[in-house]
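To keep things clear, I will list the structure first and then write my remarks on it.
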There are 2 protein chains.
Amino acid sequence: MSQTVDRALSILPLLAEGPADLGRVAERLDVHKSTALRLLRTLHEHGLVYRQSDQRYRLGARLFALAQEAVENLDVREIAHPHLLALNEKCGHTVHLAVYEEQEVLYIDKVESRYPVRMYSRIGKPVAITVAAVAKLLLSDLPEAERRAVAEKLDYPTYTSRSTPNAAAFLKELATVREQGWATDLGGHEESINCIGAPIRGADGRVVAAMSVSAPNVVVTAEELLTLLPQVRRTADAISREYSGKSPLKEA
Amino acid sequence: MSQTVDRALSILPLLAEGPADLGRVAERLDVHKSTALRLLRTLHEHGLVYRQSDQRYRLGARLFALAQEAVENLDVREIAHPHLLALNEKCGHTVHLAVYEEQEVLYIDKVESRYPVRMYSRIGKPVAITVAAVAKLLLSDLPEAERRAVAEKLDYPTYTSRSTPNAAAFLKELATVREQGWATDLGGHEESINCIGAPIRGADGRVVAAMSVSAPNVVVTAEELLTLLPQVRRTADAISREYSGKSPLKEA
DNA sequence: AAGGTGCGTTGCATTATGTGCAACGGTCAT
DNA sequence: ATGACCGTTGCACATAATGCAACGCACCTT
């Protein structure tokens, strides 16, 4: 809606691909060099862009700080964290917390496995939305119409032979998840990794976040992992209770 | 330099404080509501801002994703990570990697301690610049003039009785660090936590990053921690060698 | 139920603001 | 030394951002 800001913000994803010099930025934005310069300068003043020693620009430090503060302001996260830690202490596996936002599911917290074999994931990283247990939980609670719309629009990458193949299968899976109140990902993302997850609900009963426990085959089998389900659900319920009990924000 | 972009970007730190509604944003920016609306909409389109169910705005998901991609594009980090992991496997303590940028020192990687007692820190979080071992290492390598300028401009919070008290003491400490090629923080940030760190150098010999090992008193004494120094330095040197050997970017 | 307040939203006229141009200056390589 | 390249500056022009006032909506009051 605002051309100037729009152009300026378009620089960020561009730089996320890697450092770029002024000419390149101007070219990609299809504006004059002087225009690009002014935009970059403004971004620089705000610390979102950094000028490295070879004069090229890359994303700046304040971006991290902002993302940091943003994640810390999420009240679910704050409440959930100690519970996640406790669960990790008990079972030893990697524990994730995720939310749905603007057609994306992303991890907002993580407690690392105590075992040497760890799965790759990172806070802030978008989740493999068609297969992850947390994604199924979050999407399964969307209003019917939106759920369908999102499911239709998604890509269904075949990470493994057990990945969700298409929208129809995904919607069916979501229905199951919705009913049973928990979800799994059995080798759908990486052949050797299984997850089980449970939803965290607000006072109005809507799913506000989801958590999961992940473990590689080499540590525990899928069956063994499933025995943790009651524990995971209890943890999620405890978080839900605390979250809906005395939420500092969002008293709606 | 660009008023519109400047205003738009000013919204981000504002929202980092917590969610705000349109009126509040307009007020803080000292612009008309309609102007604030247009700016917010543009930010929203780019995913930097999210509109929650109560219509208030808060920082959005793409911010994480951007910060994420940014950190993954840092070549030092990529090279260093396996070394940090290896060191952590050996000694069990928390290992940090940090860089200096625009008068700030910030953690760009971290491997958590295996011990239950962990120190609080987070990737992207600015470091306590006047006391942290990594900060001393990074600042000690700045050109004399800049080092002085930065030292003068800093605040010197008294986190503990052993915190660096003022610019003079800090500059003296930096000189020591510069000469000996390693640094410590013995209870300067938190009374019970000690750190030792070593610099990572590029092909031209300049310090491009710094790493440290941190451990609380209750796990190992400062003296015991210091016995790890050779190991830490060897790790840092190994990273330096690899980094200057075959850097994919920055062939300047 | 009627009236009122507070909030986000829209269309429009004004002019401030961002734009592209052309010329400059520094750096590096030949 | 000479030329090419890239970032930078000042300026005239016109676009694009601004504030205003009016609207619509939801919620609360009496």
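Chain letters run A, B, ... following the sequence lines, proteins first, then strands; residues in each count from 1.
Rounded to a whole Å, the CZ atom of A:Arg7 is 13 Å from the P atom of D:dT15. Residue B:Gln55 contributes atom CD, which lies 10 Å from atom P of D:dC27 at whole-angstrom precision. At whole-Å resolution of the value, NE2 in A:His32 and P in D:dC13 are 17 Å apart. We find that CG of A:Leu39 is positioned 14 Å from P of D:dA16, with the value rounded to whole Å. To the nearest angstrom, P of D:dT18 lies 10 Å from CG of B:Leu29. If you take CG of A:Leu37 and P of D:dT8, they are 5 Å apart, rounded to a whole angstrom. D:dC11 atom C1' lies 11 Å from atom CZ of A:Arg38, rounded to whole Å.
Within the nucleic acid shown, B:Ser2 comes within 4.0 Å of sugar-phosphate atoms alone, with no base atom in reach, counting heavy atoms only. Within 4.0 Å of B:Arg41, counting heavy atoms only, lie sugar-phosphate atoms of the nucleic acid but no base atom.
Distance from the side chain of A:Thr4 is smallest for D:dA17 among the nucleotides D:dA17, D:dT8, D:dC20.
With the nearest nucleotide of DNA chain D identified for both A:Gly23 and A:Gln3, A:Gly23 has the one nearer the 5' end. Residue whose closest nucleotide on DNA chain D sits further toward the 5' end, between A:Val5 and A:Ser34: A:Ser34.
Ionic pairing of B:Arg58 and A:Glu101 is present here: one or more N-O contacts between side-chain nitrogen and carboxylate oxygen are shorter than 4.0 angstrom.
Reading DNA chain C from its 5' end, the first and the last nucleotide to sit under 4.0 Å from a heavy atom of chain B are C:dG8 to C:dG18.
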